[in-house]
Asks: 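Before we start, here is the structure in question, set down as C-alpha cells.
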Amino acid sequence: MRIAIIGMGLIGGSVALRLRDAMPDADVAGFDPDAGAARAATDRGAVTEWASSAAAAVRGADVVVLALPVDRIPAACRDVAAAVEPDAVVTDVGSAKADVVAAGEGAFGGRFVGGHPMAGSERHGMDAAHAGLFDDAWWILTPTPTTSSAAYATVAQLVSALGARPVAVAPEVHDGLVARLSHVPQLAASAVVAAAAAGGGRGELLHLAGAGFRDVTRIAASNPDTWVGIVRANRPAVLEALRRFRDRLDDVDRMVAGGRWDELGGWLAAARRARLELLVKPAWGGQPVTLGLPVPDRPGVLADVAGVAASLGVNLEDVRIVHSTEGGRGRIELVVDGDASADLLAKALRDAGHLVERSAVDVASS
C-alpha cells in the first residue's frame with residue numbers, strides 16, 4: 001500500500017510516524033513546502049519517500065491524507081485532483097468540515113471522507129509530532145450521502161491503525177460541536193490571559209498565577225496562525241458558539257451584580273457536574289477515584305509516582321499537577337478507575353512514603 005501525506009506538521013507528522021510503526025511494509029510518501037519540515041520528517045524516518053511536490057506525492061497512492069492547515073485544504077483538493085489515482089481514497093484532518101467536505105467531494109466525489117482527529121497539542125510542527133498522539137482518541141469522520149461505503153471503511157481502518165477510535169458525525173453537526181468544545185475555549189483562554197495582563201503588574205502575575213489560571217490558559221500558548229485559519233474556516237459556527245458563551249457570561253454578571261448567591265451556587269454546581277462527567281468512561285468498571293498527593297516541587301517526582309502506578313499495572317486516567325505559589329511544594333492529583341485500583345495504588349504510594357488523600361468523583365450526587 002502507498003499512502004501520501006500532504007503536510008508534515010504535528011498531525012501529519014504524527015500520522016506518518018505511527019504508520020511507519022503500524023504498517024512497516026507500506027510506502028509513506030510525504031510533502032510539505034516547508035524545507036524544515038522536510039528535513040525533520042526525513043531525519044526522523046517518518047516517510048519512505050520525500051516528494052518534490054504534492055502532485056508527485058499523490059501519484060500512485062492508494063490513500064491520500066491532506067494534513068494541511070484547514071483553510072488551505074479546499075484549495076489543495078483542487079490542486080491535486082488531476083494527479084490523484086481514479087480509485088484512490090482521499091481524507092483530511094481539518095478541524096472544520098463544511099467547506100472542506102464540499103471541496104473534497106467536488107474534487108473526488110464519494111472517494112473523499114472528511115476527518116478530524118480529536119488530539120493535538122499547544123506545540124506545533126514536525127518536531128512536536130509523535131507516534132502515540134492518537135492513542136485512544138476519537139477521530140471524527142464526516143460521511144455524507146455521497147460518501148462511498150468502501151472509501152469510508154478504508155479510512156476507518158486507517159484511523160484504527162493509528163490507535164484512534166473512528167466515529168461518524170455529519171459535517172454540519174461536527175462544526176457546531178467543535179466550535180463549542182474547541183474553538184471558543186481557545187478564544188476564551190486567550191481572552192482570560194489578555195484580561196489578566198491588561199490589569200498591570202505583569203511580573204507579579206507571572207509569579208503568582210496559580211494552578212487554575214495555568215489550567216484554563218494552557219492552550220493560549222498555541223500557534224496563532226493556525227487558530228486564525230481554524231476560526232476563519234468555521235466562522236458561522238464559531239460566531240453562534242460565541243453568542244451562547246457571551247449569554248452565559250451575561251447570566252453570571254447578573255447573578256453577581258444582583259447578589260443572587262444561591263443561583264450562582266446552583267449554576268456552578270451544574271457546571272461542576274458536567275465537567276466531572278467528562279472523567280467517566282463507558283468502559284470503566286466503577287466510578288473514577290481521585291488520589292491527591294502533596295509532593296516536593298522538584299524534577300522527577302511525577303516520574304516516581306507514575307512508575308509506582310506502572311509497576312502495579314494501574315492505568316492513570318487523568319493527571320493534574322498543582323504547583324504551589326509559595327514554592328517548594330506542589331500537589332499531584334491522579335484519577336484511576338474504581339475502588340480496587342485506587343486501593344492498590346494508594347497503599348503502594350503510602351508504602352513509598354507519600355501522604356495520600358482519596359476522594360471519589362461522584363458524578364451522580366455532585
Side-chain angles (χ1 to χ4, degrees), residues 10-11 69-71 93-99 116-124 128 137-138 140 169 172-202 204-258 260 263-279 318-323 325 333 335 366:
L10 171 67
I11 301 299
V70 64
D71 55 335
V93 299
S95 59
K97 295 268 67 88
D99 290 347
H116 176 205
M118 299 299 287
S121 168
E122 67 274 17
R123 299 177 62 212
H124 62 279
W138 291 112
I140 300 176
V169 176
E172 62 276 9
V173 173
H174 166 276
D175 286 356
L177 287 173
V178 296
R180 299 196 301 273
L181 298 177
S182 175
H183 303 170
V184 166
Q186 174 68 40
L187 297 174
S190 298
V192 169
V193 173
R202 185 183 183 89
E204 290 80 0
L205 170 71
L206 295 176
H207 289 296
L208 297 177
F213 183 84
R214 290 171 176 164
D215 287 349
V216 168
T217 62
R218 176 186 60 81
I219 56 175
S222 300
N223 184 350
D225 292 337
T226 297
W227 276 100
V228 168
I230 289 171
V231 172
R232 181 166 54 212
N234 201 26
R235 182 181 180 186
V238 169
L239 286 172
E240 173 61 19
L242 281 171
R243 183 191 64 76
R244 292 172 179 267
F245 182 57
R246 198 160 45 239
D247 289 346
R248 300 292 78 74
L249 289 180
D250 287 343
D251 290 342
V252 174
D253 186 286
R254 286 189 288 268
M255 291 177 210
V256 175
R260 291 148 47 186
E263 188 177 347
L264 178 63
W267 182 84
L268 291 170
R272 179 177 184 270
R273 276 195 300 274
R275 176 62 180 88
L276 291 174
E277 286 171 1
L278 298 178
L279 296 173
D318 196 18
V319 178
R320 183 168 181 258
I321 305 171
V322 181
H323 297 279
T325 57
E333 294 181 351
V335 178
S366 59

Asks: Which heavy atom of M118 sits nearest a heavy atom of A137, and at what distance?
Replies: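 Reported closest heavy-atom pair: O-CB, 3.9 Å.
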Asks: Would you mind reporting whether V93 and P117 have side-chain heavy atoms less than 4.5 Å apart?
Replies: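 Heavy-atom side-chain distance check passes, below 4.5 Å.
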Asks: With T226, which residues qualify under side chain to side chain donor-acceptor pair (under 3.5 Å), at least two apart?
Replies: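 Expected list: N223.
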Asks: Name all pairs fulfilling the ring-ring contact (aromatic ring centres under 6.0 Å, His included) condition that reach into residues 228-255, sequence neighbours left out, sorted by first residue then second.
Replies: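 Not a single pair qualifies under ring-ring contact (aromatic ring centres under 6.0 Å, His included).
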Asks: Nearest heavy-atom pair of V184 and A241: which atoms, and what distance?
Replies: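 Shortest heavy-atom contact: CG2-CB, 3.5 Å.
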Asks: Please report the closest heavy-atom contact between A119 and I11, naming both atoms and the distance.
Replies: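 What the structure gives for the nearest pair is O-CD1, 3.7 Å.
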Asks: Considering residues at least two apart in sequence or located in another chain, which fulfil the salt bridge (Lys or Arg N to Asp or Glu O under 4.0 Å) criterion with E263?
Replies: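 Counting only residues at least two positions away or on another chain, E263 forms a salt bridge (Lys or Arg N to Asp or Glu O under 4.0 Å) with R260.
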Asks: If I compare all heavy atoms of A220 with all of V193, which pair ends up nearest, and what's the gap?
Replies: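 For A220 versus V193, the nearest heavy atoms are CB-CG2, 3.9 Å.
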Asks: Taking salt bridge (Lys or Arg N to Asp or Glu O under 4.0 Å) as the definition, give me every residue that meets it alongside R254, ordered by chain and number, with sequence neighbours left out.
Replies: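 R254: salt bridge (Lys or Arg N to Asp or Glu O under 4.0 Å) contacts with D251.
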Asks: Measuring from L268:CG to R273:CZ, what's the distance to the nearest 0.5 Å?
Replies: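 If I round to the nearest 0.5 Å, the distance is 11.0 Å.
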Asks: For residues 227-238, tabulate all N or O donor-acceptor pairs below 3.5 Å that involve a side-chain atom, not counting sequence neighbours.
Replies:
residue: W227; atom: NE1; partner: Q186; partner atom: OE1; Å: 3.4
residue: R232; atom: NH2; partner: D71; partner atom: OD2; Å: 2.5
residue: N234; atom: ND2; partner: D175; partner atom: O; Å: 3.1
residue: N234; atom: ND2; partner: H183; partner atom: ND1; Å: 3.2

Asks: Could you list the residues that satisfy salt bridge (Lys or Arg N to Asp or Glu O under 4.0 Å) with D225, not counting sequence neighbours?
Replies: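 Partners of D225 under the salt bridge (Lys or Arg N to Asp or Glu O under 4.0 Å) test: none.
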Asks: Please answer whether the main-chain N or O of I219 pairs with a side-chain N or O of S222 as donor and acceptor at a distance below 3.5 Å.
Replies: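 Indeed, once roles are kept as given, a pair shorter than 3.5 Å links the two residues.
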Asks: Kindly write out the residues that satisfy side-chain contact (heavy atoms from CB on, under 4.5 Å) with E240, not counting sequence neighbours, or none if the list is empty.
Replies: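 By the side-chain contact (heavy atoms from CB on, under 4.5 Å) rule, E240 matches R243, R244.
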Asks: Which heavy-atom pair separates R180 from P185 by the least distance, and what is that distance?
Replies: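 Smallest interatomic distance, heavy atoms only, reads O-CD, 3.3 Å.
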Asks: Over all heavy atoms of both residues, which pair between V169 and H174 is shortest? Give the atoms and the distance, please.
Replies: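 So the two residues come closest at CG1-N, 3.6 Å.
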